[in-house]
Protein chains: 2
Amino acid sequence: MPKPDRQPLGVDLARTAKAATRAFDDALAAAGGSRPVWLILISLKTRAMANQRELAEAVGIQGATLTHHLNAMESAGLITRRRDPANRRVHLVELTAAGDTTFHALRTAAVEHDRRLRDGLSDADQAELARLLARLRENVAPA
Amino acid sequence: MPKPDRQPLGVDLARTAKAATRAFDDALAAAGGSRPVWLILISLKTRAMANQRELAEAVGIQGATLTHHLNAMESAGLITRRRDPANRRVHLVELTAAGDTTFHALRTAAVEHDRRLRDGLSDADQAELARLLARLRENVAPA
DNA sequence: GTCAATCTGTTAGGTGTCTATCGGTTTCGG
DNA sequence: CCGAAACCGATAGACACCTAACAGATTGAC
């Protein structure tokens, strides 16, 4: 029998990521936040970042995009930015009390989303999926 | 030993899709096109679409977004739009000769990209990946 | 037969991302 | 020490995507 002529792998991957991202966006919006804000908050919370460049890399976006979000978050009172006295090129980004409150609200939504996403997948399934995704990333990594 | 506290599944998925999409974008750009244009062309080529709504669904975008791309593609001379005489609400979208030429150029790039993406994955790996991705889509599907 | 509901596609406005470029700051070679 | 290079973050402009609201065309209930 001829092979079933599947969907190109990239299309399948993109559709899945789009659906999952959309569901996550909705969950975070219902909790009063957004995906980029959540990623920034959790990065700031889990370990201190030396500078914005490092923070951008942790979040997986470009520095210019991060600036955009930090501006909005600063206006919303979630973070503060101040010059590092030791190196005046660097901006130190710090969570405010409001930022901390938002972090906890979004964490609840994020944990619930991850639980939903993993539903019905054994530990072995999850490990296998992580392995396959890692391989895909290697395959498309720039030479 | 404690479990290694992996990356949330959604983050892993999003990062992989972003990297793969980016690589695909670059490949298509080098061939003189773009990802949305490619998806529209292949949808039009593989089977006739009854209307734009169906086309948008095949591509995986909203109708309004499709309109945007069709406007650009019409300006670029890749497609033509005309009213269906049988139902004047419907726009019939058709490829021009230039659209067909672009389609073939992009197909070469797309096939090469898919080959690169699958590199090192056995048929069993690919089937397993497709199964796992399908499960994730089910998990996040709206109730 | 007429008018409201529905269907199709467009327009308007907003978000998130990118690249390219710039201004301010530090470092370091000569 | 001083000026070029490197570094950090911000700004400008662009693109793809979304939702909401709209206009033209058709259908169908009365």
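Each chain gets a letter, A, B and so on, in the order its sequence line appears, and its residues count up from 1. Keep in mind that what you see is a predicted model, and the values were worked out from it rather than measured.
Going from atom CG of B:Asn87 over to atom C1' of D:dT27 covers 10 Å, rounded to whole Å. For the pair A:Asn71 CG and D:dA12 P, the interatomic distance rounds to 11 Å; values are reported in whole Å. Note: CZ (A:Arg82) to C1' (D:dA10) measures 20 Å, nearest angstrom. As a whole-Å value, the separation of B:Arg88 CZ from D:dT27 P is 13 Å. Across the protein-nucleic acid pair, A:Asp84 atom CG and C:dT25 atom P stand 13 Å apart, rounded to whole Å. Atom CG in A:Asn51 sits roughly 16 Å away from atom C1' in C:dG24 (whole-Å rounding). The distance between atom CG of B:Leu92 and atom C1' of C:dT8, rounded to the nearest whole Å, is 12 Å. In this structure, CE of B:Met73 is placed 16 Å from P of D:dC15, rounded to the nearest angstrom.
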Pick out the pairs of N or O atoms, protein on one side and nucleotides 14-17 of chain C on the other, that lie under 3.5 Å.
unit_1	atom_1	unit_2	atom_2	d
C:dT17	OP2	A:His69	NE2	2.6

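A salt bridge links A:Arg137 to B:Asp12: one of the charged nitrogens lies within less than 4.0 Å of a carboxylate oxygen. Salt bridge absent: B:Asp125 and A:Arg135 never bring a charged side-chain N and a carboxylate O closer than 4.0 Å. A salt bridge does not link A:Arg88 with A:Asp84: every distance from a Lys NZ or Arg NE/NH1/NH2 to an Asp or Glu carboxylate oxygen is 4.0 Å or more.
Looking at the side chain of B:Arg53, the nearest of the listed nucleotides C:dT6, C:dT26, C:dG9 is C:dG9. Residue A:Ala64 places its side chain closer to D:dT11 than to any other of C:dG9, D:dT11, D:dC18.
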ask   = Step by step, would you call B:Glu112 with B:Leu117 a side-chain contact (heavy atoms from CB on, under 4.5 Å)?
value = CA-CA 9 Å; B:Glu112 163 59 19; B:Leu117 197 57; over 6 Å; no
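Within the structure, a side-chain polar atom (N or O) of A:Arg81 is placed less than 4.0 Å from OP1 or OP2 of D:dA10. Residue B:Arg89 has no polar side-chain atom (N or O) positioned under 4.0 Å from OP1 or OP2 of D:dG24.
For the atom pair CZ of B:Arg131 and CG of A:Leu129, the computed distance is 9.5 Å after rounding to the nearest 0.5 Å.
Projected onto DNA chain D by closest heavy-atom contact, A:Leu66 and A:Arg22 fall at different nucleotides, the more 5' of which corresponds to A:Leu66.
Within the nucleic acid shown, A:Arg83 has no heavy atom closer than 4.0 Å to any nucleic acid atom.
Atom CD of A:Glu138 is surrounded by more than 12 heavy atoms from other residues, nucleotides or ligands within 6.0 Å.
Residues A:Asn71 and A:Arg81 bring a donor and an acceptor atom of their side chains to less than 3.5 Å of each other.
Under a 3.5 Å cut-off, the side chain of A:Arg118 and the backbone N or O of B:Pro8 do not form any donor-acceptor pair. The main-chain N or O of A:Leu55 is never found under 3.5 Å from a side-chain atom of A:Ser43 such that the two would form a donor-acceptor pair.
Summary for the helix from C:dG1-D:dC30 to C:dG30-D:dC1: the axes at its two ends, each from 5 pairs, differ by 0° when rounded to the nearest 10 degrees.
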